[in-house]
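Presented below is the structure to which this report refers.
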Number of protein chains: 2
Amino acid sequence: MGETGGPATIKAFEERLLEVSEDLPKRLRQCADYVAANKDRIAVSTVAEMAEGAGVQPSAFMRFCQILGFSGFSEMQRLFRDSYVGGWPDYSTRLHHLREKAEGSPSALLAEFVEAGRASLENLLKTIEPQTIEQAVQALAGAHMIHIIGLRRSFPVASYMAYAFEKMDVPAMLHSAVGRLDNRNAIRSGDVLLAITFSPYSSETIELVESVRERGIPVVALTDTIVSPLRKFDAIALSVSEVDFGAFRSLSATLCLAIALSVAVGTRRSV
Amino acid sequence: MGETGGPATIKAFEERLLEVSEDLPKRLRQCADYVAANKDRIAVSTVAEMAEGAGVQPSAFMRFCQILGFSGFSEMQRLFRDSYVGGWPDYSTRLHHLREKAEGSPSALLAEFVEAGRASLENLLKTIEPQTIEQAVQALAGAHMIHIIGLRRSFPVASYMAYAFEKMDVPAMLHSAVGRLDNRNAIRSGDVLLAITFSPYSSETIELVESVRERGIPVVALTDTIVSPLRKFDAIALSVSEVDFGAFRSLSATLCLAIALSVAVGTRRSV
DNA sequence: TCAATAATGGACTATAAATTCCATTTTTTT
DNA sequence: AAAAAAATGGAATTTATAGTCCATTATTGA
């Protein structure tokens with residue numbers, strides 16, 4: 001076996017469900033009704049749980065899955081699980097292979113990065129919490145001056161935000177560490193620090209955040225994951241996880257968030 | 001059994017993860033990082049899948065679960081399954097919701113930029129010509145030194161590529177115009193100039209391209225559309241049109257192209 | 001009402017996944 | 001540099017779950 005005539009997309013699944021549920025014996029109809037009302041549970045439940053929810057025996061639920069065209073419950077479940085996690089299974093390994101083969105054409109490489117970028121964007125919407133952005137915007141919009149720090153890999157993001165703020169007449173200062181100049185004393189009470197750092201976290205950024213937090217100045221952080229070292233300092237942390245390729249990441253999601261944040265701050269201020 | 005000292009809520013889980021991830025051996029840290037970046041997967045994956053994603057053995061992942069305080073993976077998974085009300089119903093409807101319902105809020109803005117980014121990425125694949133990238137890669141890979149210039153809005157892209165090249169041991173120099181220093185004499189025969197500019201085109205970049213082309217040095221350009229002034233100077237021009245929202249563009253597509261180009265050059269060189 | 005057919009429930013089996021254990025490797029300490 | 005401790009990988013084991021089968025019960029039509 002291995003082949004299946006079962007629905008391949010959620011949409012197809014819904015159609016098939018509708019089409020089938022016309023004339024169904026009692027128990028199977030219970031299954032159909034329950035599934036229709038609880039599609040999202042399929043991904044995280046066992047047959048036994050689904051059956052119980054529908055008020056039928058597991059075997060009845062199995063028959064129901066088969067009627068829909070799947071080989072069994074597992075196959076149906078896979079459809080829902082896959083569609084939940086979106087498509088970015090192992091880009092890191094996929095891209096890793098590409099690099100090792102070295103003979104990926106540039107345009108194939110581009111296609112990979114585009115795909116990774118798209119997945120990152122989707123993921124961004126799933127993970128960002130509206131109230132956290134709201135907090136960040138509020139803090140930044142109320143700041144006397146916004147100090148931006150982001151080095152190495154994060155520097156593009158930092159410089160972009162500096163550019164955007166400048167264009168919107170929001171007072172902002174980019175701490176670029178040019179010439180190893182340390183401008184930490186430019187950060188005064190009433191200001192806010194916007195720190196951007198991704199693994200591997202640069203120590204300069206962490207130190208700055210630490211010293212600034214000690215003085216009670218608010219910090220908004222753009223970082224990856226919840227295990228970022230910035231979390232320790234009780235900053236308003238927005239985390240973006242981006243597919244990466246060794247030391248590289250396409251920054252698509254990060255920049256999207258960055259610009260949305262900038263524009264939100266810019267408009268909030270000018271009101 | 002039935003007893004558990006494990007975190008009972010997602011919030012507690014995150015705290016515990018943070019607290020624990022300070023000092024963790026290599027493999028277990030990989031687990032922590034992967035989990036932090038893919039919390040949503042826990043509910044719908046098996047240990048084997050999670051372990052593979054984190055790049056470790058299943059047994060290592062099990063140990064990680066136990067360190068977090070759970071009896072095993074299943075218990076940890078139960079936490080996520082129970083709290084799974086859904087990142088549903090999937091991307092497009094979610095996006096729709098954010099845009100409509102949260103009008104004017106930062107997250108609505110984010111949704112707009114995400115959408116713009118996605119559209120740009122899609123468009124990028126359609127418009128870029130494989131043989132042009134190929135040419136660009138060839139030129140850059142053969143260069144003695146790559147000089148990068150990109151100012152204002154393009155500066156993030158330029159700095160990102162400089163970072164990427166550095167990481168891949170490709171000799172590159174970023175012309176940042178700090179202190180208005182002009183390093184045009186650093187550009188020698190055998191080198192290649194990588195110029196990045198978007199409307200409104202900065203005169204410094206155009207001038208540099210002009211002077212460099214007069215000396216017969218090849219130029220690779222990242223620019224928008226075909227009417228870019230860089231076209232005049234017979235450079236290898238890759239054009240990206242970014243969908244913009246308001247006066248700002250998210251640079252998603254541009255950075256995707258930039259990183260693909262960088263990586264292609266890096267791998268081509270090292271062969 | 002009785003026979004034929006379909007549907008159902010529950011026990012049984014096969015399969016896949018979680019978990020444990022231990023030999024091997026790596027790191028740390030003396 | 002050697003010994004001790006910690007971490008790791010992979011095979012072996014256990015447990016949970018999916019999937020099957022068949023005896024029993026309900027339904028339908030003559």
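FYI, side chains are in, hydrogens and waters are out, and symmetry mates aren't considered; it's all heavy atoms of this structure. Every chain is numbered from 1, with letters handed out A, B, ... down the list of sequences.
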For atom [atom1] of [X] and atom [atom2] of [N], their distance in whole Å:
X	N	atom1	atom2	value
A/Leu24	D/dA26	CG	C1'	16 Å
A/Asp23	D/dT28	CG	P	13 Å
A/Met50	D/dT17	CE	P	15 Å
A/Arg27	C/dG10	CZ	P	10 Å
A/Phe61	C/dA7	CZ	P	18 Å

Quiz prompt | Side-chain H-bond candidate by donor/acceptor type, A/Asn123 with A/Ser241, under 3.5 Å | solution = yes

Quiz item: Relative to the ring of A/Phe61, is the ring of A/Phe64 parallel (under 30°), tilted (30 to 60°) or perpendicular (over 60°)?
Solution: tilted

Taking the basic N atoms (NZ, or NE/NH1/NH2) and the acidic carboxylate oxygens, is any pair closer than 4.0 Å for [X] and [Y]?
X	Y	answer
B/Glu14	A/Arg231	no
A/Glu210	A/Arg215	no
B/Glu75	B/Arg78	no
A/Arg41	A/Glu49	no

Practice problem: Considering just the side-chain nitrogens and oxygens of B/Gln57, establish if one lies under 4.0 Å of OP1 or OP2 belonging to D/dT8. | Solution: no

Self-check item: Under 4.0 Å protein heavy-atom contacts per nucleotide of nucleotides 15-30 of chain C, with B for base, S for backbone only and - for none
Solution: --SSSB----------

